[in-house]
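Note that the coordinates shown come from a computational prediction; the quantities given were computed from them, not determined experimentally.
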Amino acid sequence: MKITTREVPPRTAWSLEQAGVHPLLARLYASRGVRNVDELDDSAAKLLPPTDLLGATQAATLLADAIAQGQRICIVADYDCDGATACATGLIGLQMLGARADQVSYVVPDRAVHGYGLTPPIVDMVRAQGAHVLVTVDNGMASHEAVTLARAQGMRVIITDHHLPVVLCDGSFSLPDADVIVNPNQPDCRFGSKALVGVGVMFYVLLALRAELRQRGAFDAATQPRIDALLDLVALGTIADVGRLDDNNRRLVSLGLKRIRAGRMQPGIAALFNASGRDPARATSQDFGFALGPRVNAAGRLAEMGLGIECLSTDQPGRALELARQLDAINRERRELESGMREQAEQLVATLTPEGDPPAALTIFDADFHEGVVGIVASRLKDRLHRPTFVFARGQDGLLKGSGRSIPGFHLRDALDVMSKRHSGLLKRFGGHAMAAGCTIDEADLLTFEAELARIAQSEIDPSLLLRELSTDGALDAQWFTAETVSALDSAVWGPGFEAPLFSDEVEVLGQRLVGERHLKLSLRVQGQARDGIWFGHSEPVPSKTRLAFRVSLDEYQGRQRVQLVIEGSAD
């Protein structure tokens with residue numbers, strides 16, 4: 001592992017500090033590209049306007065007409081946390097803006113039965129509900145056949161998505177023939193944030209709908225519905241879907257966190273905090289990524305995402321808590337299943353790499369794997385081995401369903417696109433992003449897929465990228481090892497593209513022991529002072545003198561708080 005230190009533009013850091021930013025935060029923000037204090041303004045007024053999002057105004061017009069005419073609107077969701085929060089945002093928001101409860105419904109595919117996204121069988125389910133308008137959230141860009149079918153059956157189709165459109169062999173884009181497409185990543189869309197996730201797109205459609213209804217005289221600026229009440233859902237979905245925290249996404253998440261900390265949140269969000277044992281008054285973006293998000297995702301992996309959507313959209317606190325506890329139980333089952341699969345996968349990797357040097361990309365399959373958690377296992381293996389990794393499981397239809405995770409410098413979806421062009425028919429379906437993608441193949445084609453993925457990775461990945469690199473913020477001065485500093489860091493918004501602070505320093509190891517058989521407890525001397533440290537999931541001893549990368553957290557025990565180092569890696 002290589003530990004590096006981010007560069008800090010000194011003039012920018014000084015300018016931020018002079019503007020009143022905490023000295024440590026000024027340094028951290030400057031190293032992450034913040035140029036002036038205005039970029040840290042997280043007020044709603046600073047959000048990009050919905051008029052910039054191609055298709056949002058047209059979608060608003062169509063939805064406003066449907067509400068006025070009493071037409072039924074059905075939302076087709078996705079079975080991950082982004083899709084669930086986007087669906088809940090749509091359900092609640094449309095009713096806030098005048099739709100009757102019986103006008104709005106939803107359908108969510110079952111991962112094992114229907115596969116991903118809007119498909120002809122899902123269209124049939126929507127039509128059976130008597131829907132006049134079909135709205136996708138977090139899916140639809142690749143659903144050409146299903147969109148055509150829905151429109152042939154007389155439905156109006158609005159696609160709200162953030163995934164990349166299908167690219168044809170000549171480099172042009174293939175878009176489904178929907179009435180309206182709202183997607184910042186579609187051609188000709190000039191929206192300033194290409195990192196908006198599915199729930200963010202749906203929220204922007206609601207902003208545009210509110211503006212349309214205001215123009216029609218349904219209400220004025222003083223009496224208009226406060227759809228900012230949905231920002232806790234937007235924040236959860238954005239972080240859970242690993243949306244890059246550009247300025248706009250960071251504002252959306254910050255606004256959502258402020259509402260939660262103030263106790264103003266949807267009943268489902270409050271229930272998920274309760275079920276996960278987290279304190280909403282001290283909510284952080286890490287709570288979304290490591291506590292709430294996994295519990296919602298577990299429903300789509302092992303059960304059906306209707307549980308998650310009902311939890312997030314109900315207005316009854318008691319019902320929300322009941323559903324949140326069900327999601328918590330499913331998540332515990334998911335963790336046990338994932339642990340067993342990860343151990344099996346690591347054994348398979350060991351047989352593939354007897355010399356200890358893994359290939360440029362890994363493809364793993366076992367007949368006992370559960371397709372609901374292949375993505376998580378792929379992510380864990382990718383983190384452990386620092387290689388693009390695909391994990392496959394056999395679906396109910398006999399086909400292999402794979403989920404992949406990548407490393408910086410290797411665009412996974414583009415690799416699948418190259419593969420599909422070289423081997424016609426190899427990929428039954430595929431899609432995704434640079435860092436995460438999925439596909440479906442015949443089991444007989446597994447070896448072809450494995451060889452081709454490794455071949456593409458070998459040719460496109462610079463060998464230097466295969467060495468795991470931890471980018472850190474350098475040493476943390478002794479004056480900042482305080483509870484107040486940890487609280488200041490925790491209160492800020494961190495995530496992909498705006499990574500949480502990670503420090504590094506040369507340390508002396510005074511003592512080390514295993515706790516819980518899997519975690520290394522450390523006594524350290526850092527900058528001449530004794531500190532406690534913990535390295536979760538690491539059981540190998542470390543040298544007496546080494547360079548460590550670490551986060552700082554508060555360890556609370558018997559009413560006392562102490563700053564401890566949470567180790568993320570070592571240069572040795």
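- A donor-acceptor contact closer than 3.5 angstrom is absent between the side chains of H162 and N185.
- Side chains of S193 and D246: a donor on one and an acceptor on the other come within 3.5 Å.
- The aromatic rings of F191 and Y204 stand perpendicular to each other, their planes meeting at an angle above 60°, with 30° marking the opposite boundary.
- Between the side chain of W494 and the backbone N or O of L489 there is at least one donor-acceptor pair closer than 3.5 Å.
- Using modelled atom types, no side-chain atom of S406 and backbone atom of H411 make a donor-acceptor pair closer than 3.5 Å.
- The aromatic rings of F273 and F288 stand perpendicular to each other, their planes meeting at an angle above 60°, with 30° marking the opposite boundary.
- For the pair S379 (side chain) and G375 (backbone), a donor-acceptor distance under 3.5 Å is absent.
- Between the side chain of D241 and the backbone N or O of T238, no donor-acceptor pair lies under 3.5 Å.
- Within a 6.0 Å radius of CZ in R518, no more than 12 heavy atoms belonging to other residues, nucleotides or ligands are found.
- A donor-acceptor pair under 3.5 Å is formed between the side chain of Q512 and the backbone N or O of V542.
- L312 is listed as a side-chain neighbour of L236, based on a closest heavy-atom distance under 4.5 Å.
- A cation-pi arrangement is absent between R214 and F219 under the rule of less than 6.0 angstrom and at most 45 degrees off the ring axis.
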